[in-house]
Amino acid sequence: MLIDFFFTLKDAKIPVTIKEFLTLLEAMQKQVIPHALDDFYYLARLTLVKDEAHFDKFDRAFGLYFKGVSAAFDEQGSVPLDWLVQRMKRELTPEQLAALEKFGYDKLMDRLRELLKEQKERHEGGNKWIGTGGTSPFGHGGTNPEGVRIGGKGGNRTAVKVWEARAYQDYDGERELGTRNIKLALRRLRKFARLGAAEELALDATIRATASNAGYLDIKMQPERKNNIKVLMLFDVGGSMDDHIERTEELFAASKSEFKNMAFFYFHNCVYDYLWQNNRRRHTERFPTWDVLRKYPPDTKLIFVGDATMSPYEILQPGGSVEYNNPEAGSAWLARFTSTFPKFVWLNPEPEGSWQYRQSVSIIRQLMNHRMYPLTMDGLERAMRTLSK
C-alpha cells in the first residue's frame, strides 16, 4: 500500500528518497502515532518532505492517493460541530437579490461590531444575525452583495472583508511546464549584453587576430552574453487566485528560467504598504513597499499577476483590505508603482470576456492605463510587446 504512495509522491515531482521512506515505515512499525489518517498525514509530511516549498505538491498527492480513505475512520462525533457549519443554501430570485440592503463599508463594519456584542448563540438563515445560509451581511454560505465573510469558504466572492486567518501557498518555481510556449512568449523581452569579466572564448575575434598574426595563435576572450533585462513580478496569492494556481505556477517557473535578473513579491488582492516573499512567514518577514519602490531602477519591467477580483473598497478606500486596516488605499500604491516603473503590465488569469462584469477589474484596468492582458499565449505576446517598446 505505502509503496504505491511512495511512487505517487515521486510522480508529483517531490524529491523523496528510499531512506526517508524507510524512516516512515519504521515509525509506523513502532506505532509512534495513533491509527488516524490526520496523524499519518503529519508524520508522512515530516519524514518525507524536507523543503516546505513542496508542501503544496505533497498535499495534492496525498489527497489524490488517499481519496475517500477517511470514510473508513469512525469519527464518533468526537469533534464538536463548528458554530458556523453550513447547513442550508438559498436560491434567490433577481428581485430578492436587488432588495438586499447594501450597508456601505463604514456602516457595515459598525453593524458587525454591534452584532458581536448582541449575539449569544448560533444562527442559520435569516437576514440579521451572524450565521450561515441567509441574506445577512455577516457569516458565510449565504447571499449578500456586500458582506463580511466569517468562517467558511468564499462562494460568490462579494465579501468586502474576511474575518479569518488566511494561509497561502508559495507558487512553485520548479514546476515542469506542459508547453514551451510561455517561455517563447517571454523571450520577446530579452536584451542581451556582454558585461563583466572576459571568461568566454571569442571565436571570431580569435580567428581574425590569429590571421593578422601570421598564423600564430592569438586567443581573445569576451564576457559571457547574458540577458540584461531586469524584471519585477508581483503575484496575487490566495482567495480567488486559488483557482489559477496551475497556470500561475507555469508562468512563475518560465519567468525564473528566462529572466536571470528577476525579483518577485506576493500580495493579496491589491498592493498596500508591505509585500512578502514567503507565504508561510508573511506575518514575520515583510518588505515595506516603499523599500521595494526605491530598490529597483526605473528601467525595471514591472509585471502584476492577479485576477483583480475583489471588492472595490479594497482598491479605493483606506482600511479596505480584507485582512487589516491599511492606512492608504490600494489605488495610491498602484499609482506609485506605475509612476516609478514606466514599463508595466497586468496579467489576468480570468477569461477576458468576463472582465466587463466585474467592477474591480474595470477599476484596475483604468489604474493600469488599460495595460491589462489575459494570461493566454496571445495575451502574453501582447504584454511582452508593450513592455519591449
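Please read all numbers here as calculations on a predicted model, not as lab measurements.
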> Are F62 and Y41 close enough, and set up right, to give a ring pair (Phe, Tyr, Trp, His ring centres under 6.0 Å), and what steps lead you there?
Replying inline: CA-CA 8 Å; F62 190 93; Y41 163 81; 5.2 Å; yes

With a distance cut-off below 6.0 Å to the six-membered ring centre and an angular limit of 45° from the axis, does [X] pair with [Y] as a cation-pi contact?
X: R45; Y: F58; result: no
X: R371; Y: F344; result: yes
X: K19; Y: F21; result: no

Do you know which two heavy atoms are closest between [X] and [Y], and how far apart they sit?
X: M372; Y: A308; result: CE-CB, 4.1 Å
X: C270; Y: L334; result: SG-CD1, 4.0 Å
X: R382; Y: P374; result: NH2-CD, 3.4 Å
X: D218; Y: T206; result: O-CG2, 3.4 Å
X: L375; Y: P349; result: CB-CA, 3.7 Å
X: Y324; Y: P327; result: CE1-CD, 4.5 Å

Are [X] and [Y] in one and the same hydrophobic cluster, where Ile, Leu, Val, Met, Phe, Trp and Tyr link if side-chain heavy atoms are under 4.5 Å apart?
X: I14; Y: I18; answer: yes
X: I3; Y: L48; answer: yes
X: L46; Y: V32; answer: no

>> The test is side chain to side chain contact (heavy atoms under 4.5 Å, CB included); show your working for R282 and Q277 and say whether it passes.
In response: CA-CA 7 Å; R282 68 189 180 95; Q277 289 186 320; over 6 Å; no

Quick check on [X]: does its [atom1] atom have over 12 non-hydrogen neighbours (other residues, nucleotides or ligands) under 6.0 Å away?
X: Q356; atom1: CD; value: yes
X: K50; atom1: NZ; value: yes
X: F7; atom1: CZ; value: no
X: L22; atom1: CG; value: yes
X: E328; atom1: CD; value: yes

>> I'd like to know if K230 pairs up with D299 as an ion pair, taking the criterion as any Lys NZ or Arg NE/NH1/NH2 lying under 4.0 Å from an Asp or Glu carboxylate oxygen.
In response: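 Looking at D299 together with K230, the answer is yes, because their closest N to O distance falls below 4.0 Å.
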
>> Please determine whether a side-chain nitrogen of the Lys or Arg among D59 and K57 lies less than 4.0 Å from a carboxylate oxygen of the Asp or Glu.
In response: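 The answer is no: the pair does not qualify as a salt bridge.
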
> How far apart are the C-alpha atoms of M233 and L251, what are their side-chain angles, what is the distance that settles it, and do they pass the side chain to side chain contact (heavy atoms under 4.5 Å, CB included) test?
Replying inline: CA-CA 11 Å; M233 299 192 76; L251 174 66; 4.2 Å; yes

>> Are the side chains of F6 and L24 in contact, using a 4.5 Å heavy-atom criterion?
In response: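 Side chain of L24 against side chain of F6, heavy atoms only: no contact under 4.5 Å found.
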
>> Side chains of N326 and Y274 only: does a donor on one sit below 3.5 Å from an acceptor on the other?
In response: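 Absent: no donor and acceptor within the cut-off.
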
> Looking just at side-chain N and O atoms, do T386 and Y373 make a donor-acceptor pair shorter than 3.5 Å?
Replying inline: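 There is such a pair between these side chains.
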
>> Would you compute the distance between atom CE of M384 and atom NZ of K301 and round it to the nearest 0.5 angstrom?
In response: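 If I round to the nearest 0.5 Å, the distance is 10.0 Å.
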
>> Quick check for you: to the nearest 0.5 Å, what is the distance between T376 atom OG1 and L380 atom CG?
In response: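 Taking OG1 in T376 and CG in L380, the distance rounds to 6.5 Å.
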
> Can you list the steps and then say if F264 with L234 is a side chain to side chain contact (heavy atoms under 4.5 Å, CB included)?
Replying inline: CA-CA 6 Å; F264 72 92; L234 303 181; over 6 Å; no

> Under the criterion side-chain hydrogen bond (donor to acceptor under 3.5 Å, both in side chains), which of D307, N269, T309 is the partner of S240?
Replying inline: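 Among D307, N269, T309, the one that satisfies the side-chain hydrogen bond (donor to acceptor under 3.5 Å, both in side chains) with S240 is D307.
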
> Judged by atom type as modelled, is there a donor-acceptor pair below 3.5 Å linking the side chain of T300 to the main-chain atoms of Y296?
Replying inline: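 Checking the backbone N and O of Y296 against the side chain of T300, no donor-acceptor pair under 3.5 Å is found.
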
>> When you measure from the side chain of S360 to the backbone of M310, do you find a donor-acceptor pair of N or O atoms at a distance under 3.5 Å?
In response: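 Yes, the answer is positive, given that a donor and an acceptor are paired below the 3.5 Å cut-off.
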
> Between F5 and Y65, what is the ring plane arrangement, given parallel below 30°, perpendicular above 60°, and tilted in between?
Replying inline: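 Rings of F5 and Y65: tilted, 30 to 60°.
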
> Using 30° and 60° as the class limits, which term best fits the ring planes of F235 and Y266: parallel, tilted or perpendicular?
Replying inline: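 Ring orientation of F235 relative to Y266: tilted.
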
> Sequence neighbours excluded, which residues qualify as side-chain hydrogen bond (donor to acceptor under 3.5 Å, both in side chains) partners of E26?
Replying inline: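 Expected list: K30.
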
>> If you apply the rule salt bridge (Lys or Arg N to Asp or Glu O under 4.0 Å), what do you find for R208 with D204, and how did you get there?
In response: CA-CA 6 Å; R208 287 194 296 269; D204 292 341; 5.1 Å; no

> Could you go step by step and tell me if E249 and R60 meet the salt bridge (Lys or Arg N to Asp or Glu O under 4.0 Å) rule?
Replying inline: CA-CA 14 Å; E249 285 186 340; R60 283 182 280 175; 3.8 Å; yes

> Can S255 and V231 be said to form a side chain to side chain contact (heavy atoms under 4.5 Å, CB included), step by step?
Replying inline: CA-CA 9 Å; S255 301; V231 176; over 6 Å; no

